[in-house]
Colleague: 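Encoded as structure tokens, here's the structure I'll be asking about.
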Protein chains: 2
Amino acid sequence: MTKNAKPLETRWYDDACGTAHALELVGERWALLVLRELVFGPRRFGELRASLPGISANVLTQRLEGLEHAGILKRTQLPSPQKAQVYELTPWGYESEPILQVMGRWAARSPQHDPTLPLSPSSILMSFRTMIDVSRARAFSGTFGFRFGDETFHATLEGGNLAVRRASIDDVDVAFTTDPMTLAAVVYGGVALAEAEAAGTFAMTGNRTLARRFLSLFHLPPKAT
Amino acid sequence: MTKNAKPLETRWYDDACGTAHALELVGERWALLVLRELVFGPRRFGELRASLPGISANVLTQRLEGLEHAGILKRTQLPSPQKAQVYELTPWGYESEPILQVMGRWAARSPQHDPTLPLSPSSILMSFRTMIDVSRARAFSGTFGFRFGDETFHATLEGGNLAVRRASIDDVDVAFTTDPMTLAAVVYGGVALAEAEAAGTFAMTGNRTLARRFLSLFHLPPKAT
DNA sequence: CGGCATCCGGGAAGATACTG
DNA sequence: CAGTATCTTCCCGGATGCCG
């Protein structure tokens, strides 16, 4: 029963500013990265832990408790066969995505940003939603599937927006099978598609013309100074 | 000479995600609130400390060092007469304002947000930039001055945007003299102008019709759930 | 295996006192 | 006024173990 539910009303900003309150809600270490991993759909404890390199189990437990208490996520039991419990953002929790996007766009301009570090599937797909060239994207539409190991994501491009969700990827126009770092290298790092395919770390099926057009939609902002 | 300037390269997220990098840059406690206080112009150490209820001097020193090292702000000496040192955001640092705005807009919908806590001048003016009704604001323009004790801010409304900077407020169409909490109560809390004026905590000079129109431009978003 | 509790070491934050 | 030094408190991270 989690006996120690101390709200610890101390140690907080005594400030009516919305930004300060946001920091009380999601300002603790790892909190926003937990949201990042949940933004495309519910996940289990172990999946979250595997996607967050370096987080410890007890800290993840604390964050999930705090975020649930704040009304940002809720834990739900899957129907009987699985008997597993998953964490899912509430509608208001899903609205936190712009925070992640704006922070990512700004930090991508940092002179110290190292794009060669590991990347999670959520991260690269979130970056697509952030870095998409809306005006060029409006010119076409399509459905795209991503397979990263055993995780699959379904993306629908339409009206300049890329809607992404964790789902199976049957019936997509293009399906990519790769890993997040290779995908980032191809899209942002100027690595040639043919090179990545030859290396065996990148494969795609479906409409290759559409695929190339899609992959050229995303660009990092220029570095500051 | 601050002998121990080691950034302690450990304790960070090993993650290429832009959001994760942003958290490395401004994810420490107080960091974003320091930026909030700098977003309308340079300030001195003591001014920052006074605007950040509860921060201690050594933590503020650490944050300023870290933010300077990251290239988000720089310390500059004022010309000879003052011999004072101020902290000022770099151009890229100023671009962090959308982070503050998006977080504030999202957190304002939190069921737990308490708008009766103390508020800094930067906070209320930042909230105006965030919560402005752009379509209605496009319909007119004007210049507005705010005097909070000895701090003054100059705001220019034009094209739906409210540009704010710390500056003297001569030659404005309307000048408000009040405190941030009273201003928030009038704009967001439904407190009548006449009531606040009668209480002596709110005064304005200039075009009163324009003033009323201006003050009605700003609204908090509805609470979630 | 998933989730949570406990213990421990290290380090960051908070408070106070002190210096130029 | 602008920080620095010191001490205490608390959070974070890792390890371990319990229980369903």
Side-chain angles (χ1 to χ4, degrees), chain A residues 1-15 20 23-24 26-34 37 42-69 73-78 80-88 150, chain B residues 1-15 23-24 26-34 37 42-68 73 75-78 81-88 150:
Chain A
M1 72 177 289
T2 318
K3 71 160 190 300
N4 238 353
K6 69 194 63 162
L8 237 322
E9 296 304 346
T10 179
R11 197 180 179 73
W12 284 130
Y13 311 104
D14 185 30
D15 197 321
L23 292 170
E24 294 173 357
V26 297
E28 290 167 306
R29 192 162 156 74
W30 293 108
L32 281 176
L33 300 186
V34 171
E37 292 302 319
R43 304 205 77 193
R44 303 175 55 164
F45 187 94
E47 296 173 326
L48 291 171
R49 195 178 174 193
S51 296
L52 263 12
I55 198 172
S56 62
N58 52 4
V59 171
L60 179 54
T61 299
Q62 289 174 35
R63 290 303 160 270
L64 291 169
E65 281 174 3
L67 294 169
E68 181 181 23
H69 182 259
L73 60 80
K74 60 181 185 298
R75 49 204 314 172
T76 55
Q77 305 286 340
L78 289 183
S80 51
Q82 281 100 329
K83 92 167 180 57
Q85 150 174 250
V86 295
Y87 298 88
E88 178 173 19
D150 54 357
Chain B
M1 74 177 289
T2 318
K3 69 166 191 297
N4 238 351
K6 71 196 52 168
L8 239 319
E9 296 305 346
T10 179
R11 195 179 178 73
W12 285 129
Y13 311 102
D14 185 31
D15 198 321
L23 292 171
E24 295 173 356
V26 296
E28 289 167 307
R29 193 160 156 74
W30 293 108
L32 281 175
L33 299 186
V34 172
E37 293 302 318
R43 305 207 76 194
R44 304 174 53 164
F45 187 95
E47 297 173 325
L48 291 171
R49 195 177 174 193
S51 297
L52 264 11
I55 198 173
S56 61
N58 50 8
V59 171
L60 180 54
T61 300
Q62 289 175 35
R63 288 302 159 273
L64 291 170
E65 282 174 2
L67 293 169
E68 181 181 24
L73 61 78
R75 49 204 314 172
T76 56
Q77 305 287 340
L78 289 183
Q82 283 102 328
K83 92 167 181 50
Q85 153 174 250
V86 295
Y87 297 87
E88 179 172 18
D150 55 356

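It should be emphasised that the depicted structure is a prediction, and the values quoted were computed from it without experimental measurement.
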Colleague: Send over the distance from A:Glu28 CD to D:dC10 P, rounded to a whole Å.
Modeller: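 Spelled out: CD on A:Glu28 to P on D:dC10 is 15 Å.
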Colleague: C:dG11 P sits how many Å from B:Trp12 CH2, rounded?
Modeller: 14 Å
Colleague: Would you be so kind as to tabulate the donor-acceptor pairs closer than 3.5 Å made by side chains of residues 52-62 of chain B, with sequence neighbours excluded?
Modeller:
| residue | atom | partner | partner atom | Å |
| --- | --- | --- | --- | --- |
| B:Ser56 | OG | B:Asn58 | OD1 | 2.7 |
| B:Thr61 | OG1 | B:Ala57 | O | 2.9 |

Colleague: I want to confirm an ordering. Mapping B:Ile55 and A:Val86 to their closest nucleotides on DNA chain C, which one lands closer to the 5' end?
Modeller: A:Val86
Colleague: Rounded to whole Å, how long is the line connecting atom CG of B:Leu52 with atom P of C:dA15?
Modeller: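 Whole-Å distance recorded here is 13 Å.
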Colleague: Between the base of D:dG3 and the side chain of B:Asn58, is there a donor and acceptor pair under 3.5 angstrom?
Modeller: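 For B:Asn58, whose side chain was compared with the base of D:dG3, there is no donor-acceptor pair (under 3.5 Å).
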Colleague: May I ask you to say what A:Arg49 touches in the nucleic acid, namely base, sugar-phosphate or nothing, with a heavy-atom cut-off under 4.0 Å?
Modeller: nothing
Colleague: How many Å lie between CG on A:Leu33 and P on D:dC12, as a whole number?
Modeller: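 Atom-to-atom, A:Leu33 to D:dC12, this comes out as 13 Å.
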Colleague: Counting C-beta onward and ignoring hydrogens, is there a side-chain heavy-atom pair between B:Glu24 and B:Tyr13 closer than 4.5 Å?
Modeller: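 In contact.
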Colleague: Below 4.0 angstrom from OP1 or OP2 of D:dC12, is there any side-chain N or O of A:Gln62?
Modeller: yes
Colleague: Can a side chain N or O of B:Trp30 be found less than 4.0 Å away from OP1 or OP2 on C:dG14?
Modeller: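 Yes, because at least one side-chain N or O of B:Trp30 sits under 4.0 Å from OP1 or OP2 of C:dG14.
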Colleague: OP1, OP2 of D:dG3 versus side-chain N and O of B:Arg75: anything below 4.0 Å?
Modeller: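 Checking B:Arg75 against D:dG3: at least one side-chain N or O falls below 4.0 Å of OP1 or OP2.
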Colleague: Is the phosphate of D:dG3 approached by B:Tyr87 (side-chain N or O, under 4.0 Å from OP1 or OP2)?
Modeller: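 For D:dG3, OP1 or OP2 has a side-chain N or O of B:Tyr87 closer than 4.0 Å.
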Colleague: Would you indicate which nucleotide in D:dT4, D:dC12, C:dG14 comes nearest to any side-chain atom of B:Glu65?
Modeller: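 Side chain of B:Glu65 sits closest to D:dT4.
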Colleague: Give me each pair satisfying salt bridge (charged side-chain N to carboxylate O under 4.0 Å, His left out) with a member in residues 47-57 of chain B, each pair once, sequence neighbours excluded.
Modeller: B:Arg43-B:Glu47
Colleague: Heavy atoms from C-beta onward define the side chain here; which of D:dT4, D:dG14, D:dC12 lies closest to that of B:Thr61?
Modeller: D:dT4
Colleague: Is B:Arg29 near enough to C:dG14 that one of its side-chain N or O atoms lies under 4.0 angstrom from OP1 or OP2?
Modeller: yes
Colleague: Just the rounded figure in Å: distance from C1' of D:dC11 to CG of A:Leu60.
Modeller: 16 Å
Colleague: Hey, could you give me the CZ/CD distance between A:Arg75 and A:Glu68, rounded to the nearest 0.5 Å?
Modeller: 5.5 Å
Colleague: Separation of B:Glu47 atom CD from D:dG3 atom C1', in whole Å?
Modeller: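 It works out to 15 Å between those atoms.
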Colleague: What is the distance, rounded to the nearest whole Å, between atom CD of A:Gln85 and atom C1' of C:dC4?
Modeller: 11 Å
Colleague: Can you find a heavy atom in the side chain of B:Leu48 that is under 4.5 Å from one in the side chain of B:Leu64?
Modeller: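 Answer yes - side chains close enough.
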Colleague: Just to confirm, is there a sub-4.0 Å distance from OP1 or OP2 of D:dC1 to any side-chain nitrogen or oxygen of B:Arg44?
Modeller: no
Colleague: Whole Å only: how far is the CD atom of B:Gln77 from the P atom of D:dC1?
Modeller: 17 Å
